[in-house]
Amino acid sequence: MGAARKRTASGDALANLPFAFRQYDAATLRDVLRKMYLIRRFEEGAEDSYTRGLIHGTMHLSIGQEASAMGICMPLQPADQITSTHRGHGHCIAKGADVKRMFAEFFGKTTGYCKGRGGSMHIADVAGGNLGANGIVGGGIPIAVGAALSAKKMKTGKVVVSFFGDGANNEGAFHEALNMASVWKLPVIFVCENNGYGMSTSTERSTAVKNIADRAVAYSMPGVIVDGNNFSEVAEASHAAVERARAGEGPTLIESKTYRYRGHSKSDRNRYRTKEEIDDWMTNRDPILAFETELKEFGIIDDAGIEAIREDVKREIEEGIEFAKVSPSPDVRDVAQFVYTEEPA
Amino acid sequence: MGAARKRTASGDALANLPFAFRQYDAATLRDVLRKMYLIRRFEEGAEDSYTRGLIHGTMHLSIGQEASAMGICMPLQPADQITSTHRGHGHCIAKGADVKRMFAEFFGKTTGYCKGRGGSMHIADVAGGNLGANGIVGGGIPIAVGAALSAKKMKTGKVVVSFFGDGANNEGAFHEALNMASVWKLPVIFVCENNGYGMSTSTERSTAVKNIADRAVAYSMPGVIVDGNNFSEVAEASHAAVERARAGEGPTLIESKTYRYRGHSKSDRNRYRTKEEIDDWMTNRDPILAFETELKEFGIIDDAGIEAIREDVKREIEEGIEFAKVSPSPDVRDVAQFVYTEEPA
Amino acid sequence: MDATPRELSYAQAIQEAMALAMEADERVFLMGEDIGVYGGAFQVTGDLVERFGADRVMDTPISELGGAGVAVGAAMTGMRPIFEFQFSDFATLAMEQIVNQAAKMRYMLGGEVSVPVVMRFPAGSGTGAAAQHSQSLEAWLGHVPGLKVIQPATPHDAKGMLLAAIEDPDPVMIFEHKLLYKMKGPVPEGHYTVPIGKAEVRREGRDVTVVATSIMVHKALDAAETLAGEGIDVEVIDLKTVRPLDRQTIIESVRKTSRLVSVHESVKTLGIGAEISATIAESDAFDYLDAPIVRLGGAETPIPYNPELEKAVVPQVPDIVAAIRDLVSGRR
Amino acid sequence: MDATPRELSYAQAIQEAMALAMEADERVFLMGEDIGVYGGAFQVTGDLVERFGADRVMDTPISELGGAGVAVGAAMTGMRPIFEFQFSDFATLAMEQIVNQAAKMRYMLGGEVSVPVVMRFPAGSGTGAAAQHSQSLEAWLGHVPGLKVIQPATPHDAKGMLLAAIEDPDPVMIFEHKLLYKMKGPVPEGHYTVPIGKAEVRREGRDVTVVATSIMVHKALDAAETLAGEGIDVEVIDLKTVRPLDRQTIIESVRKTSRLVSVHESVKTLGIGAEISATIAESDAFDYLDAPIVRLGGAETPIPYNPELEKAVVPQVPDIVAAIRDLVSGRR
Ligand SMILES: Cc1ncc(C[n+]2csc(CCOP(=O)(O)OP(=O)(O)O)c2C)c(N)n1
Ligand SMILES: Cc1ncc(C[n+]2csc(CCOP(=O)(O)OP(=O)(O)O)c2C)c(N)n1
Ligand SMILES: [Mg+2]
Ligand SMILES: [Mg+2]
């Protein structure tokens with residue numbers, strides 16, 4: 001993203017608009033919607049491929065959390081970096097990855113981002129600034145701090161975003177990483193996507209504070225709570241945090257409250273939450289629907305425009321799956337490739 | 001300790017007295033002074049023995065921190081438990097250990113608390129409720145939470161105190177343990193003895209908050225700051241925390257601000273702090289001196305009484321060292337004893 | 001006295017052991033991530049929370065180091081916790097408490113405490129979960145005095161060894177191969193134990209000894225079946241325990257067969273196979289050896305995601321067959 | 001071209017390597033607890049902070065997991081961090097980042113990143129620091145593909161291998177025995193490297209091969225001296241690298257001597273000695289063996305505090321002498 005230009009409008013009218021509608025021009029906003037669809041359809045496509053046995057292992061879908069991934073990535077430049085989680089498809093796409101190569105990775109193909117070695121849980125796009133999803137809850141947080149340390153040392157001006165879940169906030173890695181980032185005033189933004197549960201365990205049962213952002217005071221950094229299903233709110237918080245980071249003022253903790261529609265992974269019986277709860281979020285708080293409504297309200301898109309985006313996304317997903325299908329599998333004899341940088345002779 | 005009885009005095013006069021002088025009778029207060037001397041002289045004796053080559057390895061002296069150990073242990077019953085740290089001699093004595101067996105341990109003898117296997121860094125007194133010092137910074141904190149979980153499950157009414165340093169508060173173990181203790185409302189008191197430095201690293205350079213107690217909000221527990229060199233203040237905070245814990249209301253974090261006179265361990269060049277700083281604490285803020293002054297002020301002891309205590313402590317220390325010297329060393333053939341509970345045949 | 005033959009899955013057998021222990025002993029309780037209403041990542045605890053309540057089937061926050069430490073502390077003070085890691089890979093977060101505390105506490109304190117904690121580690125590859133969810137790390141813990149480390153290979157042993165572990169006064173680490181969870185086998189009703197530290201000859205044979213661990217026991221038995229058709233008589237030993245190692249059973253077998261192959265899933269270098277080779281190479285059985293000692297183990301790579309690659313990095317039945325065939329025919 | 005012979009201590013040699021690397025390459029920097037003004041727990045970084053400033057000699061909070069993770073992240077993004085653990089025992093807190101992240105990141109990401117991080121681990125017993133400050137854990141990391149694991153035994157190699165490690169594109173773990181820090185030896189000035197993955201014959205001999213690691217190299221050489229007086233000619237190999245293991249050098253030596261003893265300080269079971277035995281037992285050199293393969297290693301106990309006990313749990317020169325004597329004389 002990053003290429004946001006201010007809309008032209010009269011000052012007064014602007015002031016009443018939500019942040020995103022002040023900050024981005026219409027084309028950018030339409031592209032945001034497109035990307036949110038791309039994330040959702042990508043995951044639906046992956047889910048479907050999994051059901052058909054084309055993808056093995058497990059996967060963690062972020063359907064319902066698209067606004068959070070998109071909003072956070074808006075102020076990021078291509079060279080900025082993120083670390084992501086097991087639930088990382090949305091982050092990857094929001095940061096600019098190509099769904100073709102993502103599908104190819106899920107299909108275990110050499111054309112995948114990780115050449116078939118990583119799969120969903122390690123989806124990455126290093127060239128595009130995604131240092132990788134992580135199979136270890138909290139594992140990416142110190143790594144993000146390290147990337148931010150590099151940025152500071154090398155004076156690249158980069159900022160780094162570390163995505164993690166509510167469950168991760170009880171890991172020691174969270175504590176240690178946030179403390180160091182603050183002591184060293186590093187350009188890193190900690191984004192806790194609080195979807196209410198770490199697997200089956202609600203934040204109430206696992207976390208001794210009401211809001212994860214309340215823990216920011218323990219690291220003397222701003223703690224910001226946003227409605228993670230409201231793209232504009234998320235983007236606004238991210239812009240502020242990125243500005244702060246780039247100005248050398250140090251890290252921010254953003255808590256983005258959201259919800260995942262699907263089970264935790266492919267083996268979830270969904271016993272820990274009610275159908276009503278899920279339905280409520282899906283019907284009344286869907287991030288894409290809400291954003292669409294706003295876009296229409298502000299005259300940025302109409303139904304035909306939305307339909308066109310949907311069709312376009314559908315085509316991109318189909319092409320991506322096709323690309324993955326026809327891509328070659330790695331040669332089993334190359335299994336030891338990439339263990340070390342210099343391959344043994 | 002624990003056997004504190006209220007002094008009898010008129011209500012009004014009492015209200016103006018520091019907590020300890022309201023809470024404890026004269027004999028108890030004199031015994032507190034004696035124990036503070038016992039801690040200091042014990043460590044001086046250990047230091048001297050180390051210099052003479054009678055003790056090997058390393059040791060971490062808590063000279064200057066005696067009021068903190070004593071104050072915290074005052075409300076504890078013998079059956080209550082503590083976990084301690086590498087700087088744990090004071091905790092051990094305050095919890096009721098016999099200096100004979102402590103010296104014997106330092107001398108590596110079979111009569112030592114750990115039968116010569118543990119040394120200073122693992123000094124313990126399990127029967128007396130000290131589950132052990134710990135060589136791992138932060139290592140004892142989750143263990144204390146586990147002991148508190150036992151207390152709650154077995155309904156023993158015990159409380160558990162976990163001592164640790166300011167440096168330990170940046171370990172993941174601290175974060176994880178405090179969170180669990182709070183979520184499960186366990187009878188545990190977290191006592192951070194903040195002596196300003198983790199080895200050479202000041203809290204400013206290592207810790208993103210001003211006071212360690214400020215981190216208590218991240219775990220929704222009370223965070224209390226006390227002058228760790230003021231026995232009465234420490235004891236008051238400990239009484240409140242122990243009451244809270246026994247009442248089933250959950251944990252408290254007490255930050256006891258204090259100072260260590262000696263270097264971190266036996267290999268410290270003391271480059272990270274000034275002589276002036278050390279002198280200031282030693283001359284103007286010594287916990288034993290301050291307590292003595294108060295005792296005299298309130299007519300609880302006179303100079304002769306103090307001298308008698310000192311003599312008595314001196315004798316106890318000398319006897320302890322003698323006991324250690326003449327105790328037998330373990331037989332090398334028994335080196336594998338205690339690896340497992342059931343020794344291999 | 002044996003109950004009627006009854007089949008349970010490996011996961012059910014573990015669950016039954018935990019239920020029996022909890023019924024018999026109030027001190028026994030379970031801790032772990034999502035072991036309550038979720039039933040555990042592999043449904044091993046299943047519905048136990050409904051039977052025993054959330055106080056005895058405790059969901060922990062995602063805090064492996066702290067959680068393991070709480071279990072250690074509880075074990076030191078009178079309780080008998082069973083701590084489930086969701087994947088054995090996450091033991092990497094808790095090595096401090098396992099290795100510095102649980103394993104050494106009794107020793108450091110001169111025998112004044114015991115640490116009767118049981119830790120369960122779902123381990124191994126084959127589920128498409130890639131490099132951070134597929135490791136076999138039992139060799140690490142096998143290197144640590146103070147711990148006991150077991151790898152039951154059948155539902156029968158999973159139940160019996162877990163019960164033995166719970167009754168053991170010292171810390172016992174159980175590595176459970178995830179692909180075994182659904183495997184069924186006869187499991188007696190009620191209480192029984194299978195001793196920790198005893199290997200078992202699963203199949204007698206004259207020509208070659210195969211020492212296998214965990215899931216490899218089944219692969220080795222399959223290989224032995226195939227080779228029997230070729231006239232090669234394979235003795236298969238199920239190691240069961242990594243520490244303390246039952247060296248005697250292996251030595252006796254090799255004295256008889258004069259040939260030894262070990263097979264495990266964990267990385268070959270510095271894996272259990274190395275210890276088995278070394279045990280024979282330093283023992284009297286050395287003189288009986290007719291051929292080099294062959295090791296099969298995991299490849300020197302992380303576990304890859306792609307399913308074909310994933311299979312390629314751990315020994316499969318044809319690999320075992322080929323290795324034994326070569327060895328017996330003198331091609332090695 | 002070699003500089004004039006000059007003696008440095010092992011600690012000074014490491015310090016010099018770090019200083020040279022920092023001078024030559026802006027990306028190199030140091031992280032660790034108390035490595036700045038304190039100079040490191042073992043004075044290895046010494047006064048480097050005065051020369052290079054606190055930005056390049058960074059004191060970290062006491063946060064091993066996070067600190068190691070920061071180093072990994074920095075290494076992935078263009079820097080070349082050298083991370084000092086204060087004691088190797090504290091690696092137990094950081095195994096997650098070392099093993100799941102540093103070791104596997106390149107593989108999991110299909111070669112898209114390298115992780116050129118160096119981690120230094122002061123290891124071993126002999127300082128009276130008891131069970132939690134005296135461990136030798138190199139076998140664990142040697143079991144992990146993706147890592148390189150080295151144990152230089154001399155000041156010369158400490159400098160040369162550390163420089164090689166810093167230049168290596170992959171994560172290199174260095175185990176430094178604390179008792180070696182003060183040992184002096186010739187160290188060339190300026191830049192040179194000693195290759196990772198190459199063992200060295202420190203003493204040639206005909207009768208028996210001793211493969212030793214780290215401090216045991218010196219004990220083995222002492223033992224060889226003693227045995228020379230008895231007419232036993234000992235070949236001593238300094239292993240230097242645990243992963244990747246230089247199997248060829250060992251095999252060649254055993255082909256010549258027909259007898260093998262390994263000696264290391266870490267616990268014997270599942271230690272490096274097991275891998276060395278297994279390497280020979282599965283190789284062609286097996287046929288040259290005239291006697292069982294003997295292993296000397298740490299006792300199956302935590303490290304005790306009492307100094308006599310502490311000495312008893314690791315191999316000492318007389319143990320090595322006796323083991324070799326028995327082996328050569330056929331008493332084993
Ligand atoms: C260290 C570690 N512990 C446990 C797990 C198993 N696990 C994977 S995701 C997950 C829940 C994570 O919850 P949260 O951080 O809230 O992220 P969400 O799944 O809700 O996006 C758990 C327990 C893991 N992968 N890593
Ligand atoms: C996990 C771990 N990291 C590092 C050390 C080395 N170390 C021992 S004590 C210490 C400083 C501890 O500081 P603090 O917690 O403030 O306690 P204090 O020494 O001031 O009493 C350090 C770094 C250790 N023992 N354990
Ligand atoms: Mg969540
Ligand atoms: Mg301190």
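Note that the coordinates shown come from a computational prediction; the quantities given were computed from them, not determined experimentally.
Residue C:T279 touches chain D through both its backbone and its side chain, counting heavy-atom pairs closer than 4.5 Å. Of the two parts of C:A291, only the backbone, made up of N, CA, C and O, holds a non-hydrogen atom closer than 4.5 Å to a non-hydrogen atom of chain D. The parts of C:P304 that come within reach of chain D are both its backbone and its side chain, each placing non-hydrogen atoms under 4.5 angstrom from that chain.
Residues C:K268 and D:E275 approach most closely at O-OE1, 3.9 Å, considering heavy atoms. Scanning both residues, D:R243 and C:V267, for their nearest heavy atoms gives NH2-CG1, 3.8 Å. The shortest heavy-atom contact between D:E282 and C:I293 is CB-O, 3.0 Å. What you find for D:F286 and C:F286 is that their closest heavy atoms are CE1-CE1, 4.2 Å.
Between atom CD of residue D:E300 and atom NE2 of residue C:H143 there is a gap of 9.0 Å, rounded to the nearest 0.5 Å. Between C:I98 atom CD1 and D:M95 atom CE the span is 10.5 Å, to the nearest 0.5 Å. Between the CG atom of C:L289 and the CG atom of D:D287 there is a distance of 11.0 Å, given to the nearest 0.5 Å.
Contacts with chain C were tallied for D:S277, D:P302, D:S283; D:P302 has the most, counting heavy-atom pairs under 4.5 Å.
Looking at heavy atoms from C-beta onward, D:Q101 lies out of side-chain contact with C:T92 at the 4.5 angstrom threshold.
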After noting the C-alpha distance and the side-chain angles of D:L270 and C:I272, does the key distance pass the side chain to side chain contact (heavy atoms under 4.5 Å, CB included) rule? CA-CA 7 Å; D:L270 283 160; C:I272 312 302; 4.1 Å; yes

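Evaluation of the ring-ring contact (aromatic ring centres under 6.0 Å, His included) rule for C:Y107 yields no partner, not counting sequence neighbours.
Heavy-atom neighbours of chain D within the stretch residues 126-137 of chain C, taken at a separation under 4.5 angstrom, comprise C:A131, C:Q132, C:Q135, C:S136.
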